[in-house]
Each structure stands twice: as C-alpha cells, then as structure tokens.
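The next block holds one structure in the form of structure tokens; read it before the comments.
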Amino acid sequence: MTAVIGILVVLVGILVSIALHEVGHMVPAKRFGVRVSHYFVGFGPTLWSRTRGETEYGLKAIPLGGYVRLVGMYPPAPAGKKQSNGFFGRMVQDAREMSAEEILPGQEPRAFYNLSVPKKVVVMFGGPFMNLVIAFVLMTVVLVGIGSPQATTTVATVPACVTPASAPADYECTASDPATPAAEAGIEPGDTVVSFDGEPVTSWDSLVGKITGAAGQTVPVVVERAGEQVTLEITPTEVDRPVVGDDGQYVTDDDGELVLKPAGYVGIAPTQERVSEPLSAVPEAIWAQVSGTAEVIVALPAKLVDVVQSTFGGEERDPASVMGPVGVGRIAVDVVGADQVDVVDRVAVMLSLLASLNIALFAFNLIPLPPLDGGHIAGALYEGAKRQVAKVRGRPRPAHADVAKLVPLGLAMWVVLLGMGVLLIYADIVNPIRLT
C-alpha cells in the first residue's frame, strides 16, 4: 500500500505540474487575443475532453506531457521566396499550411505569429515560469512551514565504545574496544551541553569544532540535566574521521577512498528538531537547485553515456545520475515505505521531490532548441533583433522570422527526447537509484 501511495503522489504531482505549465502558456495567450484551440494533458488516445468557448480541454492516456495549441504559430512563407521541394522543404511547407488552416477567416490578427516580440516571449516563458512558481510554493511549505531538521546541543545517544571510521552502522562493541570519553565522563542521553572548556556552546556545529581541537586534553564540560547544571570532566580521544567539504559531502581521494584526518572524539550524537527557516531561505534554495540543474543539463550527454554503461555494462549506477519519472517514483516508494522515516519527514521529502521535478521542467524547457519553449523564445528574440537592426540602419521593417524552418530540427529533437525518455525509464527499472 505504501508503494502505491508513493507512486500515486508522484504521478498526481507530475500531472498537476504539467497541467499548470500549460496553463502558464494558455492564460497569457488568451489575454493577448490568440485563439487557443486545444488544451490537453498527456499524449496518445483521448480519455476525456470537453469544449468550453473556443477551446477543447481534455485528458489523454499517456501522462508524460501536455500541450496547448496556439493558432497561427508559423507565419506564411516570405513573399517571393522559392520553396524547396526536398523532404525537409516539404516538411516546412506542410507546417506552414497546417498553421494557416487553423486560422479562421477574418481572424488573422489573432494568430500567434502576429504578436509583438515581448508578448511572444511572455507566452512561451509562461509555462516554465509556472513550474518555477510551483517549486517556490512547495519549497516554502517545506522550509518555512515544515522546517528543516537541525542538530541540537541535546544528547540523543552515547555509544559505549570508540568504533573504527570504517565500522558498519550495526557494529557491536567488543571487550577490546575502548569506551567512549562521553561514557567515561558520565554524559547521559537527554543531557544538554551548556559549555565546553569554559566556553558557551550555542550550536551543535560549535560544539563539534571545540571537540575536534581538544584531542588528548582533559577539559570541563557543563551539561544541563533535569533542570540542574552538572560539571563533568572529559578527555576527547584522537581518532581518524572523514573530512567533510564545504558542500557538506565527504571528501574522497583519486581512488574514491575517504580522506581521513585526526580529530577529537567524545562519542555523542545530537537530537534533531525541526526549525522553521526564514522566507529568505527559499530563493537561496531555489537558486541552488536551478544552478545545479543547469550544470546537469550541460553535462547531460556525458551522464547519459554513464547511464548506458551502468545499465548495459553491469556497472553500479552513480547516485548523481539523471533519472526519469520512474526513478522519481521509486525514490518516492523508498521514502514512503521506510520505517525509520516519520510522517512529517515523508511529506517533506515528497514535496521536495516534486519541487525538484518542477525546477528540472523549468530549466530543461528553457534550452533554446525547438520544440522546447526556449526554442520558441529564441525565435522571437531573433525576430526582435532583426527588427532592431533594421530600425537602427533605417531600413524597412523586416517580415516575421521564418521559424517554420526549425520544424525539421524540432522533429529531430523529439526523436532525441523520446529516446532519452525510453532509456531513462528502462534504466530506472533494471538498475534504479536507491536511497540509502
């Protein structure tokens, strides 16, 4: 049942995100007078549709996309220009003719290609912008509403012995393992560390820093226990611990091994509490995800090669690999079905997944290639640039940019996107990424 819930949450989240993305295109288009003939979520056979006004709204069988049909996307061929009779030339001409056939008699001014350049950009940017808004709302709920778990200065557990850095999580102490300094000092779960070596402790990070630099020194530590302050003496032992980088991840060497360095260790683990973050943290989180997604897009060809090698070569799949909707659904299943994750954490992770998905839709759709929104935006900006150059040079206003010429490229991109989608779905099934 939990697996079904996880898949349904992701599926519904994807459908809602796609539906709102298309609303982001449709609303400004209608406001600017463009006739919108179709609004559909999904592809393939139509499951349901209904016409309201001049627009047919519907739901299709394959929930992997959606579209709005804006009448008059392609302008007529430039006057006096000879048309090619080749395969691609015929494809371009067919696109022009289909676009012209959609325009009702007397409604030529309502064609999309007759919009001003700024209005074209607003219409095409409206879809990705809607995904950005969705991500902002979801991250606000997660960070401000639910809050993020943060370590406190209250002790949760006190291990009985000092374990090796490479010891597994279920390691059991033996008689030869030395006791942890915290256990020897008498620190107990529930104690709140007030000061360490005479300096006040304000956060878990500050306490860790003080302990790290005090290896081999016997120092006083004050804890609050049952409303009273108790002074204890503790001698942090020196152990090798993994180095953590500025990004919060463990540092590894060229061979992929953890980089270790000597550090003070006492043997306490903190409790966690949810802390609501300020609203200003949301744009920072969004920007971090947008920039990270942009880096993934730039490296996408290489990452797809890695997916092919790991899937068909029997290699272990990189946890930072790209995923499709099936992979996102499997992660959702892992989160929902994990016994050690409480309900609040499950909700937070699910909302964060959907926010990340919308960030991906935002960034990916801005790639300046057809049939993505970024390709249409690039065509509109090219048209505007041509007109500005003509204006500066005192030349007549040029005709609309002949964006129909990009139809063959758009078809090639569809084939590439379809192939990428099939590859990721297959990889997510046979060699999925799992949460640890």
Side-chain angles (χ1 to χ4, degrees), residues 2 5-6 8-10 12-14 16-17 20 128-157 189-196 199-211 222-227 229 244-250 268-294 328 331-363 435-436:
T2 55
I5 292 175
L8 286 178
V9 168
V10 171
V12 171
I14 292 175
V16 171
S17 299
L20 292 177
F129 180 73
M130 184 64 77
N131 292 124
L132 189 63
V133 171
I134 295 171
F136 188 92
V137 171
L138 293 175
M139 290 305 296
T140 300
V141 173
V142 172
L143 297 179
V144 180
I146 298 176
S148 58
Q150 296 184 12
T152 72
T153 56
T154 299
V155 178
T157 58
D191 288 348
T192 299
V193 182
V194 176
S195 68
F196 186 90
E199 298 181 4
V201 173
T202 57
S203 67
W204 173 255
D205 288 340
S206 69
L207 176 59
V208 170
K210 292 175 172 56
I211 294 173
V222 178
V223 300
E224 184 175 310
R225 180 184 299 167
Q229 291 193 353
V244 179
D246 295 336
D247 58 357
Q249 303 296 317
Y250 289 126
I268 57 175
T271 59
Q272 301 278 336
E273 68 177 9
R274 289 198 168 273
V275 177
S276 179
E277 299 193 30
L279 189 61
S280 59
V282 179
E284 295 177 5
I286 294 294
W287 171 247
Q289 291 199 40
V290 170
S291 57
T293 303
V328 175
I331 287 182
V333 170
D334 289 345
V335 171
V336 174
D339 295 334
Q340 68 273 26
V341 180
D342 61 26
V343 174
V344 176
D345 284 331
R346 292 175 184 178
V347 172
V349 172
M350 298 295 285
L351 294 180
S352 297
L353 277 175
L354 291 176
S356 298
L357 180 63
N358 276 277
I359 291 294
L361 290 173
F362 166 78
L435 291 181
T436 58

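For the numbers below, each heavy atom of this structure counts, side chains included, while hydrogens, waters and symmetry mates do not.
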Report the C-alpha distance between Leu354 and Ser17 in whole Å, list the side-chain angles of each, state the deciding distance to 0.1 Å, and finish with yes or no for side-chain contact (heavy atoms from CB on, under 4.5 Å). CA-CA 9 Å; Leu354 291 176; Ser17 299; 5.6 Å; no

What are the two closest heavy atoms between Ala363 and Thr293, and how far apart are they? CB-CG2, 3.7 Å

OG1/Thr157 to CD1/Ile268 distance, rounded to the nearest 0.5 angstrom? 9.0 Å

From CE (Met139) to CG (Asn358), nearest 0.5 Å: 11.5 Å

Are the side chains of Ile146 and Val344 in touch, meaning some heavy atoms are under 4.5 Å apart? yes

Got Gln150 and Glu273 here, is their nearest side-chain heavy-atom distance under 4.5 Å? no

Smallest separation among heavy atoms of Gln272 and Ala151, with atom names: OE1-N, 3.5 Å

Supply the atom-to-atom distance Leu143 CG to Ser352 OG, rounded to the nearest 0.5 angstrom. 7.0 Å

Determine whether Ser206 and Phe196 make a side-chain contact, defined as any pair of heavy atoms from C-beta on separated by less than 4.5 Å. no

Approximate separation, where rounding is to 0.5 Å, of Ser195 OG and Glu199 CD: 9.5 Å

Is Asp191 close to Thr154 at the side-chain level, that is, under 4.5 Å between some pair of heavy atoms? no

May I ask you to test the Gln229-Val194 pair for a side-chain heavy-atom distance under 4.5 Å? yes

Considering all heavy atoms, the nearest Ala135-Ile359 contact: CB-CD1, 3.6 Å

What is the minimum heavy-atom distance between Phe362 and Pro128, and which atoms define it? CD1-O, 3.1 Å

Close side-chain approach of Val155 to Thr192, heavy-atom, < 4.5 Å: no

Rounding to 0.5 Å, atoms CD1 (Ile134) and CZ (Phe129) come to a distance of 11.0 Å

Which atom of Pro189 lies closest to which atom of Ala156, heavy atoms considered: CB-O, 3.4 Å

Non-hydrogen side-chain atoms of Ile286 and Leu132 separated by less than 4.5 Å: yes

Ser148 and Glu277: side chain donor to acceptor below 3.5 Å: yes

For the atom pair NZ (Lys210) and CG (Asp205), what is the distance rounded to the nearest 0.5 Å? 10.5 Å

Any heavy-atom pair between the side chains of Val144 and Val282 that's under 4.5 Å? yes

